[in-house]
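For ligands, and for the atoms within them, numbers begin at 1 and follow the listed sequence. Here, residue 1 is the first one in the sequence, and each next residue gets the next number.
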Amino acid sequence: MADPFLWGTATAAHQVEGGNIHNDWWRFEQEPGRIAGGDRSGAAADHWNRVAHDVGLMTALGANAYRFSVEWSRVEPTEGRWDDAAWDHYVDEVAQLRAAGVVPMATLLHFTLPAWLADRGGLLATDFPDVFARFAAEAATRLSDVRWWVTINEPNVVMVLGYVEGVFPPAVRDPRLAVRAAVAQLRGHGAASVAVRRVLPDARIGLAHHLADLQPKNPANPVDRLVTGQSAQLFNWAFQDAVTHGRIRLRTAGFPSVDVEAPELLGSTDFFGLNYYNRYLISFAPRTPAKVAWEYGDGPKTDMGYEVYPAGFERVLRAAWERYRLPVVVTENGVADDSEWVRPAALKWHVEAMRAAMAAGVPVLGYFYWSLLDNFEWAEGYAKRFGLYRVDYATQERHPTAACELFRAYATGQA
Ligand code: FCB
């Protein structure tokens, strides 16, 4: 029998758990000016202490799946020493999910690195793939009831925000390091995938790619079209292309070129994880350092400033399928919306766009809403509310937003 469609929500450890004091983000948050409003992750949504309650929220939503991340710095706070109590927390979480009929999907690396690793170069440490694979093997062994695995969340976003724009750790702006970080993440993914599969031969493994719908600002301008194609190649496709060909090739103006064999990547993914938020209009901008400008379109905006653009969701779903012929899992989609007016409409339009792609033949296996709860939105802090459940951070109470009902209707087959 075919597996049922996965209707889930997604979170990341550092954004919801609270108290993740042993990673690079925690340290970054202490530096003045890094996070909007001077926010710090702090207690976050206190999910670490509220797993049972939050699994109840999933049940109330009718969800049959949940994507979460294992915080590496919790289970290995000091290099080479596992914290058994922290592992047991995740073992217990997986057991609670399964008991509630919720399929767990575990992400191994969702932006945060243990401080001990960051101290010796983070992704650029020469042994990053090895230590990451060791963590992956341990996770697969301890969480052996988990079948769905995401090795790395949004390696393209880490490359751009961490190493080009310098607004995420390690906050450098250096195209040479950006390319090295891209290669390192691919090597790490490959090693982690091998490690997980060795323990769990039935594992379904993927990367979660942040795909944006990139369009030339002026389609009649051939240079805008050219830089749009280059941007899409680097941002949207370079990582999964490397997996497909077992070869890492990066060739973008302004970045050093790379062309190296990586046969270990062949077969390292079973699905294409797709995170979609918005489109960008791309133009040639010769007077800027990057020479390329990315702008939001002029449609309605979310609190992130992102344009609500469901047509782009259908476009990237179709493009990913045409390019790789891998089943797709929507590993994230959602909006920041303090008003609570935009979320229900945006959810409806994006589900309709996904269904249009499915009707056109794209095999989509699941849809994970970002996010279950309001949470620490990285450099944007707490002002950006992505939750289906609104969190009152003073009391840690969760309140359903207007979109919960619609999500439940989809998840239970009523809509
Ligand atoms: C994605 C991240 C996720 C969250 C959403 C809004 O890029 O994967 O952690 O911050 O954006």
> Does ligand 1 have a heavy atom under 4.0 Å from the side chain of Val157, from its backbone, from both, or from neither?
Replying inline: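 Near ligand 1, Val157 shows nothing, with every heavy atom at 4.0 Å or more.
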Distance-only donor-acceptor check, side chains [X] and [Y], under 3.5 Å:
X: Tyr369; Y: Arg343; value: yes
X: Gln240; Y: Thr269; value: yes
X: His14; Y: Glu29; value: yes

Counting from 1, what ligand 1 atoms have a heavy atom of [X] closer than 4.0 Å?
X: Gln15; answer: 3 (C), 4 (C), 9 (O), 10 (O)
X: Phe386; answer: 6 (C)
X: His110; answer: 2 (C), 3 (C), 8 (O), 9 (O)

> Heavy-atom distance to atom 10 (O) of ligand 1: which of Glu377, Met304, His210 wins?
Replying inline: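 Going through Glu377, Met304, His210 one by one, Glu377 has the nearest heavy atom to atom 10 (O) of ligand 1.
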> Are the aromatic ring centres of Trp349 and Phe313 under 6.0 angstrom apart?
Replying inline: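 No, they do not, as the ring centres are separated by 6.0 Å or more.
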> So, for Trp294 and Phe235, is the gap between ring centers shorter than 6.0 Å?
Replying inline: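 Between Phe235 and Trp294, which both carry aromatic rings, the centre distance is below 6.0 Å.
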>> Suppose we screen for ring-ring contact (aromatic ring centres under 6.0 Å, His included). Which residues come up paired with Phe111, at least two apart in sequence or across chains?
In response: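 Listed in chain order: Phe168, Trp378.
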Look at [atom] and say which protein heavy atom is nearest, naming residue and atom and giving the distance to 0.1 Å.
atom: atom 5 (C) of ligand 1; answer: Tyr277 OH, 3.2 Å
atom: atom 1 (C) of ligand 1; answer: Glu332 OE1, 3.1 Å
atom: atom 7 (O) of ligand 1; answer: Glu154 OE1, 2.5 Å

> Going by the angle between their ring planes, with limits at 30° and 60°, are Phe5 and Trp7 parallel, tilted or perpendicular?
Replying inline: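 Correct class here is tilted.
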> Do Trp370 and ligand 1 have an N or O pair less than 3.5 Å apart?
Replying inline: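 It does not: no N or O of Trp370 is found under 3.5 Å from an N or O of ligand 1.
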